[in-house]
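Presented below is the structure to which this report refers.
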Amino acid sequence: MSAEPIRAGSEYDPTSWPEAVQNPGFVGDTGEFAGLTEADVRGTAFIGRRPADGGHASVAGTLPYHTATKDPQAPIFHGPYEDRLEKILSRYPDRQAALLPALHLAHEIRGYLSPETQDEVAEKLQLPPAYVRGVATFYTMYNLAPVGKYLIQVCTNISCNLCGGDAVLEAFLKHTGTELGETSANGLWTVIEVECLGACGFPTAVQINEFYYENVRPESVPDVLARLT
Ligand code: FES
């Protein structure tokens, strides 16, 4: 069966759907709830409010993942982050089992996992450096090189692809003046293409640092970038 391109204006073209069936996702596109803000739609109870010590141990290992404020030179596992690591360790039977959240914590603080950072994590968890290196380089969610203040991850997997993900990716590259995976000269932007972000019902899905943007269209991109600067 050959794939037919989606005809503009057809019933499969989401831009032709009535506003009432467009979901309240990306701010400014709240469909039948027009007039609500992103805070109204999503709430503000926890988004972007994760304390440095992680709060309760049950959530200490969960992620902001990537924040605008990061410092590649900052000490890791000091002060509140030492408390956070202790909380993470308390949830696992041994230190090896805590490696992924420990790497995430270092990643959150420094923005990427340099070989030196990986060695520091290995020392802290009393693991062989080569083992930590193998894990850090296996998972694509760990940045192994510095990225911009805003890491823009555009999903181009099947659902988003069918709804114009490639055009959204092109729009981010154009409006940030970057090439795929490269950081802009002003240090603000890095745009990458990612596999499914798990928001397939709201294509195109884009993750910028710790926030999700849904139903993003190429024409939305300047608005999204303007909100960040
Ligand atoms: S295909 Fe894009 S979020 Fe799943």
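Worth knowing before you read on, the calculation uses all heavy atoms, side chains too, and leaves out hydrogens, waters and symmetry mates. Numbering of ligands and ligand atoms starts at 1, following listing order. Starting from 1, each residue takes its place in the sequence as its number.
- Taking the side chain as every heavy atom from C-beta outward, L225 and Y150 never approach each other to under 4.5 Å.
- Taking a cutoff of 4.0 Å between a charged side-chain nitrogen and a carboxylate oxygen, E116 and R110 do not qualify as a salt bridge.
- Listed by chain and number, the protein atoms of type N/O/S under 2.8 Å from atom 4 (Fe) of ligand 1 are C196 SG, C200 SG; waters are omitted.
- Counting heavy atoms from C-beta on, the side chains of K149 and L228 never come closer than 4.5 Å.
- Within the 4.5 Å cutoff, the side chain of V206 has heavy atoms near those of the V154 side chain.
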Using a 3.5 Å cut-off and no angle test, enumerate the donor-acceptor pairs between side-chain atoms of residues 187-202 and protein atoms at least two apart in sequence or in another chain.
unit_1: T190; atom_1: OG1; unit_2: G148; atom_2: N; d: 2.6
unit_1: T190; atom_1: OG1; unit_2: T183; atom_2: OG1; d: 2.7
unit_1: E193; atom_1: OE2; unit_2: T156; atom_2: OG1; d: 2.7
unit_1: E195; atom_1: OE1; unit_2: N157; atom_2: ND2; d: 2.5

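- Formation of a donor-acceptor pair under 3.5 Å by the H104 side chain with backbone atoms of A102 is not found in this model.
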